Number of protein chains: 2
Amino acid sequence: MSCSEEYTPQLRARGYRMTPQRHAILHVLCHSGIHLSPTQVYQQAVKELPDITETTVYRTLEFLAENGLAYPAHMGSGHLGYQIARNDHHHLVCRNCGKEMEVDHALVKSMYQKLESASGYKLTDSHVTFFGLCSNCK
Amino acid sequence: MSCSEEYTPQLRARGYRMTPQRHAILHVLCHSGIHLSPTQVYQQAVKELPDITETTVYRTLEFLAENGLAYPAHMGSGHLGYQIARNDHHHLVCRNCGKEMEVDHALVKSMYQKLESASGYKLTDSHVTFFGLCSNCK
DNA sequence: TTCCTTATTGCAACTTTTTGCAATAGTATG
DNA sequence: CATACTATTGCAAAAAGTTGCAATAAGGAA
């Protein structure tokens, strides 16, 4: 259940600490497959840990993203949502109805390689949001 | 020079209006190839049109994006920047130094087709930001 | 030109996100 | 167990972005 436990060693290994706040936030992310906005995370987390602040939620989400424990993803509005990091995948979201689906990284991999050789960049983020129209809306 | 003039008919054709505010904002975008944040746009635009407000800048940028006259793009922070819409291209930005380069849509096109047939979605946005490490930083 | 319709703007209040700094609390060491 | 080091948090204030609504003004019609 408490899937956040498994992250403790990952943090410790890098010199970071597992705190009640990080625990609560990881817990929230783990138990919600989908992307959550910082405000949504806060609203969930505050139930477990009444003293947590919005500031901490913002900072922790950014921290988790930097350390690869959470994926940040662009939501329609241009704001960021966060999701626990599991398998490499991307998102397709419908501009019309908002319907979201995951796409395996395998589909995108060859294009990444093409981009890398054309540009000289090394592509690090395998969690991109593409926008379009879903089968119902198009 | 006044490249914003050419957009008047595009707006009119859709029942929208060309106003001094839109004129100023388009002017700012035209004369800056790169992405600008709403605040940057405001700071430029206010020089030409001292009465313009931040509210209007935010709303206008969103309006221009919806109507295809400007491309919104995710900047490193996750915030949106805007750029005048010209050729279809994508962006590669370096997570380390922030260096940005444009990538022609042609490189991405076949992957778009693959995604479309795999998902049933029709991909509408041809202005995606990919993150990685540039040749110097990697 | 004048009038009319309604797209657009500005204002003000509000929500969301960020930042600096002092206080707190994990973790390691003696 | 006590101490020191510093990662992390909370607070308060600032900055950035959003929303509702009344006032304004662009463009078409008379």
Side-chain angles (χ1 to χ4, degrees), chain A residues 4-5 7-28 35-46 48-67 69-70 72-82, chain B residues 4-5 7-28 35-46 48-70 72-82 98:
Chain A
S4 53
E5 297 302 353
Y7 294 112
T8 307
Q10 289 190 53
L11 293 181
R12 296 280 283 277
R14 304 189 191 202
Y16 300 124
R17 298 167 183 172
M18 178 56 75
T19 65
Q21 290 84 352
R22 288 178 180 170
H23 187 88
I25 290 168
L26 282 165
H27 184 75
V28 168
H35 289 121
L36 298 176
S37 70
T39 304
Q40 290 172 314
V41 172
Y42 171 74
Q43 288 166 348
Q44 295 289 320
V46 82
E48 297 180 36
L49 204 61
D51 288 340
I52 201 171
T53 61
E54 286 96 339
T55 307
T56 298
V57 171
Y58 281 106
R59 277 195 288 222
T60 300
L61 289 172
E62 196 182 339
F63 168 84
L64 294 175
E66 275 172 3
N67 288 281
L69 275 63
H74 300 293
M75 313 184 85
S77 55
H79 288 194
L80 288 181
Y82 293 84
Chain B
S4 52
E5 297 301 353
Y7 295 112
T8 307
Q10 289 191 53
L11 293 181
R12 298 278 283 278
R14 304 189 192 202
Y16 300 124
R17 297 166 186 175
M18 177 55 75
T19 65
Q21 291 83 353
R22 288 179 181 169
H23 188 88
I25 290 169
L26 281 166
H27 184 74
V28 169
H35 289 121
L36 298 176
S37 70
T39 303
Q40 290 173 314
V41 172
Y42 171 74
Q43 289 167 347
Q44 295 289 320
V46 83
E48 297 181 34
L49 205 60
D51 288 340
I52 201 171
T53 61
E54 286 95 339
T55 308
T56 297
V57 171
Y58 281 108
R59 278 194 289 221
T60 300
L61 289 172
E62 195 181 342
F63 167 84
L64 294 175
E66 276 173 2
N67 288 281
L69 275 62
H74 300 291
M75 313 182 85
S77 56
H79 290 195
L80 288 181
Y82 293 84

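Chain letters run A, B, ... following the sequence lines, proteins first and then strands; every chain starts at 1. Remember, predicted model here, so these are calculated numbers, not experimental data. Just the heavy atoms: all of them, side chains too, but no hydrogens, waters or symmetry mates, feed the values below.
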Nearest nucleotide by nearest heavy atom, which residue falls closer to the 5' end of DNA chain C, B:Asp51 or B:Gly15? B:Gly15
For B:Tyr16 and for B:Thr55, locate the closest nucleotide of DNA chain C by heavy-atom distance; then report the residue assigned to the nucleotide nearer the 5' terminus. B:Tyr16
How many whole angstroms separate atom OH of A:Tyr58 from atom C1' of D:dA12? 16 Å
Under the criterion side-chain contact (heavy atoms from CB on, under 4.5 Å), which of B:Leu64, B:Thr19, B:Leu49 is the partner of B:Ile25? B:Leu64
Less than 4.5 Å apart, side chain to side chain, heavy atoms only: is that true for A:Val28 and A:Tyr82? no
Side-chain contact, heavy-atom cut-off 4.5 Å: B:Leu69 with B:Leu11? yes
Separation of D:dT6 P from A:Arg17 CZ (nearest whole Å): 10 Å
Test the B:Arg22-B:Tyr7 pair against the cation-pi criterion, namely NZ or CZ under 6.0 angstrom from the six-membered ring centroid and within 45° of the ring axis. no
Nucleotide nearest A:Thr19 when distance is taken to its side chain, options D:dT8, C:dT8, D:dA26: D:dT8
Given atom OH of A:Tyr82 and atom P of C:dT17, what is their separation to the nearest angstrom? 9 Å
Should the side chain of A:Arg59 and the base of D:dG10 be counted as holding a donor-acceptor pair, with the cut-off at 3.5 Å? yes
Whole-Å gap separating C1' (C:dT15) and CD (B:Glu54): 16 Å
Distance check needed: D:dG17 C1' versus B:Met75 CE, whole Å only. 16 Å
Side-chain N,O (B:Thr56) to OP1/OP2 (C:dG10) below 4.0 Å: yes
Given atom CE of A:Met18 and atom P of D:dT8, what is their separation to the nearest angstrom? 10 Å
What's the closest nucleotide to the side chain of B:His79 if the choices are D:dT9, C:dT9, D:dG17? D:dG17
Take atom CZ of A:Arg14 and atom P of C:dG26, then tell me their distance rounded to the nearest Å. 21 Å
Most 5' of B:Glu62 and B:Arg12 on DNA chain D, judged by nearest nucleotide: B:Glu62
Check: B:Gln40 side chain, B:Ser37 main-chain N or O, donor-acceptor pair, under 3.5 Å: yes
Between atom OH in B:Tyr42 and atom C1' in D:dA16, what is the gap in whole Å? 13 Å
I want to check one thing: is the phosphate of D:dA25, taken as OP1 and OP2, less than 4.0 Å away from some side-chain N or O of B:Gln21? no
Which part of the nucleic acid does B:Thr39 contact within heavy-atom distance under 4.0 Å: base, sugar-phosphate only, or nothing? sugar-phosphate
